[in-house]
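Bear in mind the structure is a predicted one, so any value in this text is a computation, not a measurement. Ligands are counted one by one from 1 in listed order, and the atoms in each one are counted from 1 as well.
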Amino acid sequence: MSTGVPVDVAVAGGGLIGLSVAWRAAQRGLSVTVVDDAPGGGASRAAAGMLAPVSEAGYGEEALLRLCQASLGRYPGFLDDLAVATGTRVALRPAGTLVVGFDDDDARALADLHGFHVELGLEVHRLTGREARRREPSLTPRVRTGVHVAGDLSVDPRELHPVLLAAAEAAGVRVVRSRVAALCTDEGRVTGVALQNGGEVRAGTVVLALGAHSGALPGAPAVPVRPVKGQILRLRGAAGLLDGTVRALVRGRSVYLVPQGDDGLVVGATVEERGFDATVTAGGVHDLLHDAIEVVPGVTELELTETLARWRPGTPDNAPVLGPSGTPGLVLAAGHFRNGVLLTPLTGELVAELLVSGEVPALAAPFDVRRFG
Ligand code: GLY
């Protein structure tokens, strides 16, 4: 059974990435249906919302860094457009990101990182421990060194997702609340999305935006996306504790603290290769709380309101797969790994452009899935 006439585009996945693609495609005149049993219930729900091209940048990931910077540059306009479409303004937190270290090893690691940033022409500032504490007085006095990245911001994904959903629906996007069971194919071409209840959404093109689930969908070609588990905590009572995001290495483990709203704080995140395991473990919560309290002792006073585990969509080179899949009728918008919230505006724009024009935009070309052979 199919659900009505074919649409131009069916988007499998109603997280931030899928909705951004759907919204921008609908704005460009395409008929669009999104399929998701729980839109925004995956990585978009867990994400801390760091918009941090520089402090997330890894060695050898310059192409990804440039993509992330381009998307960060789109954020103000993206939020303006959403405000016009919905009457709701989602705020960017303007305070920047502070990366701090405690001992000689950290100081060396931060000096190397700073050198790498300078080599790439990025705007970063080295700080002494005292200067770091002047920026964020709740940091432990044990902080010896820091790097401030003024341009690395944050947004609250839980505020963003419903606004993006409202904008998409206002632009004519239909949302089918069903689990995506498979892709439908006919003679090698993807023709639609099979729903778990037995229905089908037929479409001229399907966009695969299922996050970590994009790698194992029946009917889809092999897409090199795997789940990378992250456990994350939410706390309350943090009004005035931090101005912006703080990141640190604590005994080799990375931790970040992202203030949200008036008194929220998100502490993340573990990085675990455990398939689709959603268990929140005592060890995971312990490590995150321990490390957060090492960096900002005042965390000990906060109320722990939520623990959650979800999966980042990881790829072999940590960069997304954007554009043609190699299978007719199927376009990819997946594999955003640690940068899904950040890459939301640009992914929507680039994939919508591809859907409308049939041409792969230059910014998307380096992220063609065929780079993996
Ligand atoms: N972007 C932060 C994380 O993936 O944990």
Practice task
Report yes or no: do Y75 and V90 belong to one cluster of Ile/Leu/Val/Met/Phe/Trp/Tyr joined by side chain heavy-atom distances under 4.5 Å?
Solution key: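 Yes, Y75 and V90 fall within the same hydrophobic cluster.
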Handout entry: Within one Ile-Leu-Val-Met-Phe-Trp-Tyr cluster: M50 and L65, side-chain cutoff 4.5 Å
Key = no
Problem - Which residues share a salt bridge (charged side-chain N to carboxylate O under 4.0 Å, His left out) with D104, sequence neighbours left out - result: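 For D104, the residues satisfying salt bridge (charged side-chain N to carboxylate O under 4.0 Å, His left out) (neighbours in sequence not counted) are R144.
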What pairs of donor and acceptor atoms, side-chain ones from residues 236-246 against any protein atom, are under 3.5 angstrom apart with sequence neighbours left out?
residue: R236; atom: NE; partner: E303; partner atom: OE1; Å: 3.3
residue: R236; atom: NH2; partner: E303; partner atom: OE1; Å: 3.3
residue: R236; atom: NH2; partner: E303; partner atom: OE2; Å: 3.2

Problem - Any donor-acceptor N or O pair under 3.5 Å, side chains Q231, E272 - result: yes
Just the distances, no angles: every ligand 1 N or O to protein N or O pair closer than 3.5 Å, one line each.
residue: ligand 1; atom: 1 (N); partner: E56; partner atom: OE2; Å: 3.1
residue: ligand 1; atom: 1 (N); partner: R338; partner atom: O; Å: 2.8
residue: ligand 1; atom: 4 (O); partner: R312; partner atom: NE; Å: 2.6
residue: ligand 1; atom: 5 (O); partner: Y256; partner atom: OH; Å: 2.6
residue: ligand 1; atom: 5 (O); partner: R312; partner atom: NE; Å: 3.3
residue: ligand 1; atom: 5 (O); partner: R312; partner atom: NH2; Å: 2.8
residue: ligand 1; atom: 5 (O); partner: R338; partner atom: NH2; Å: 3.4

Return all side-chain donor-acceptor pairs below 3.5 angstrom for residues 316-333, not counting sequence neighbours, or 'none' if the list is empty.
residue: D317; atom: OD1; partner: T315; partner atom: OG1; Å: 3.2
residue: D317; atom: OD1; partner: A319; partner atom: N; Å: 3.1
residue: D317; atom: OD1; partner: R371; partner atom: NH2; Å: 3.0
residue: D317; atom: OD2; partner: R371; partner atom: NE; Å: 2.7
residue: D317; atom: OD2; partner: R371; partner atom: NH2; Å: 3.4
residue: N318; atom: ND2; partner: E61; partner atom: OE2; Å: 2.8
residue: S325; atom: OG; partner: T327; partner atom: N; Å: 3.0
residue: S325; atom: OG; partner: T327; partner atom: O; Å: 3.1
residue: S325; atom: OG; partner: L330; partner atom: O; Å: 2.7

